[in-house]
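Report on the structure given below.
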Amino acid sequence: MKIIAVGEFLIDLIDHKQQYRTIEPGGSSWNILYRLSSFQDNCYAVGFAGDDEYGHIALKQYTNIDTTHSFLLDNYKTKYVHYLLDGKVECPNHGQARSNEGSDRVVEILEKVVDKDSICVLDELNQHSSKYMKNINQLGGMIALDLGFLGRIEDISRDEITEFEKANIIYLQINRKVVNKVLEVFNVKSIQELIKNSNIQLAVITNGSGDMEVLTTTYSGMHPVNSVELVNDVGAGDAFFASMVDCCINGIDIHQAVNISSLFAVNVLNKKVGR
């Protein structure tokens, strides 16, 4: 089984109480792949960053992951997310236009890497991810999709919705904060209806430290989250996602999978740094 993170590399700048800052690879799909590389062999990164200091840091810090299919773009700035001590998050350079050149090259590379034994990790629904989805669908690959964030509804086209509905999605994770947006985009009354209209095997609606909802075509239920003293939440949702994908691959019962993945996320929450 190949696990392939697809898209754009980011960098996380994380401030600490001891008056220092760490610079770490970021972006949900990459964080998920980083976690999955602890469980799974054959992990690949297919994506890009800017040919700058942060871009070089991003590519060099991934261990146990094949980055030979990733590349750095000239005249493009690597995007970064700054996590402040007060809990605020800043994204200073996320306003720059996304790179069509980068996403087009990613599509070309996917044609050489993806097969029917591939699970591709995506963390957005937009014109670029729809290119990847279309390509992955044609190649017979599977998709694990994280919808922790959803852009402006008016920016999501019918083509993007169509590719989503066609995709073989083995796992879908949705942040509770964007559920209403998701329902509006897909013109459905519930996530359960969305699952029935698509090819989604398993979906989880996360709610920070609150209880989560687990859904399949035949099941819907709430699952409590283990209580934990919050030290740092950077990467916890991605850790939960990675563990759930690993459980799906290994055929673990969904109730047991949620418990295992919750414990794995709690382990991240109890660390000073989210990796």
Side-chain angles (χ1 to χ4, degrees), residues 5-39 43 45-67 70-99 102 121-124 146-151 173 175 177-178 206-209 225 228-243 261-275:
V6 185
E8 183 174 353
F9 286 98
L10 305 180
I11 281 288
D12 287 344
L13 306 181
I14 305 175
D15 290 346
H16 300 266
K17 292 180 181 179
Q18 295 83 359
Q19 302 300 313
Y20 73 96
R21 177 183 297 168
T22 53
I23 303 175
E24 305 181 19
S28 289
S29 58
W30 311 106
N31 293 343
I32 290 163
L33 186 69
Y34 179 90
R35 295 294 181 191
L36 272 165
S37 67
S38 300
F39 314 132
C43 290
V46 179
F48 64 92
D51 190 2
D52 53 23
E53 178 186 4
Y54 287 162
H56 286 271
I57 290 173
L59 284 181
K60 287 180 180 178
Q61 288 198 27
Y62 287 103
T63 56
N64 302 325
I65 294 172
D66 186 335
T67 60
S70 295
F71 54 92
L72 301 176
L73 281 176
D74 294 334
N75 303 314
Y76 191 74
K77 295 289 186 181
T78 302
K79 294 178 182 176
Y80 65 92
V81 179
H82 188 185
Y83 294 89
L84 305 174
L85 283 176
D86 60 6
K88 293 181 180 178
V89 178
E90 296 180 346
C91 307
N93 67 342
H94 283 218
Q96 69 173 329
R98 292 176 179 271
S99 172
V121 179
L122 301 173
D123 62 5
E124 290 183 298
D146 181 13
L147 287 182
F149 170 80
L150 197 63
Q173 185 164 304
N175 189 307
K177 294 177 181 179
V178 303
T206 60
N207 191 28
S209 59
V225 174
V228 59
E229 182 181 352
L230 184 62
V231 175
N232 173 55
D233 66 352
V234 180
D238 299 332
F240 179 84
F241 188 111
S243 179
S261 301
S262 296
L263 289 171
F264 188 60
V266 164
N267 181 56
V268 171
L269 287 171
N270 276 304
K271 292 183 177 180
K272 292 182 179 178
V273 178
R275 304 279 185 279

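This structure is a prediction, so every number in the text was calculated from the model and none was measured.
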All salt bridge (Lys or Arg N to Asp or Glu O under 4.0 Å) counterparts of Asp52, not counting sequence neighbours: none
Are Glu8 and Tyr76 close enough that a side-chain donor and a side-chain acceptor fall under 3.5 Å? yes
Give the C-alpha distance, both sets of side-chain angles, the deciding distance and a yes or no for side chain to side chain contact (heavy atoms under 4.5 Å, CB included) between Phe39 and Phe264. CA-CA 12 Å; Phe39 314 132; Phe264 188 60; 3.6 Å; yes
For Gln173 and Gly237, indicate whether the former's side chain and the latter's backbone hold a donor-acceptor pair under 3.5 Å. yes
Trp30 side chain to Ile11 backbone, donor-acceptor under 3.5 Å: no
Not counting sequence neighbours, which residues clear side-chain hydrogen bond (donor to acceptor under 3.5 Å, both in side chains) with Ser243? List them please. Ser261
Partners passing side-chain hydrogen bond (donor to acceptor under 3.5 Å, both in side chains) against Ser70 (at least two apart in sequence or in another chain): none
Measuring from Asp15:CG to Arg21:CZ, what's the distance to the nearest 0.5 Å? 4.5 Å
With a 4.5 Å cut-off on side-chain heavy atoms, are Leu13 and Tyr54 touching? yes
Smallest heavy-atom separation, Leu33 atom then Ala5 atom, equals CD2-CB, 3.6 Å
Set of side-chain hydrogen bond (donor to acceptor under 3.5 Å, both in side chains) partners for Asp51, sequence neighbours left out: His56
Kindly compute the distance separating CZ (Phe241) from OG1 (Thr206), expressed to the nearest 0.5 Å. 10.5 Å
On a heavy-atom basis, which atom in Leu73 and which in Gly102 lie closest, and how many Å separate them? CD1-CA, 3.8 Å
Distance, nearest 0.5 Å, that separates OG1 of Thr22 from NE2 of His16: 3.0 Å
4.5 Å side-chain heavy-atom contact, Glu90 and Val81: no
CG (Asn207) and CG (Asn175) are apart, to the nearest 0.5 Å, by 7.5 Å
Between His82 and Asp12, does any side-chain donor sit less than 3.5 Å from a side-chain acceptor? no
With distance as the sole test, does Asp123 use its side chain to make a donor-acceptor pair with the main-chain N or O of Ser28 at under 3.5 Å? yes
Apply side chain to side chain contact (heavy atoms under 4.5 Å, CB included) to Thr67 and list each qualifying residue two or more places apart in sequence or on a separate chain. Ala45, Leu59, Tyr62, Ile65
What do the steps show when you test Asp146 against Ile32 for side chain to side chain contact (heavy atoms under 4.5 Å, CB included), and what is the final call? CA-CA 10 Å; Asp146 181 13; Ile32 290 163; 4.3 Å; yes
Please confirm whether the backbone N or O of Asn64 pairs with a side-chain atom of Ser37, one donor and one acceptor, at under 3.5 Å? no
With sequence neighbours excluded, residues passing side-chain hydrogen bond (donor to acceptor under 3.5 Å, both in side chains) with Asp66: Thr68
May I ask you to decide if the ring planes of Phe71 and Phe48 are parallel, tilted or perpendicular, using 30° and 60° as cut-offs? parallel
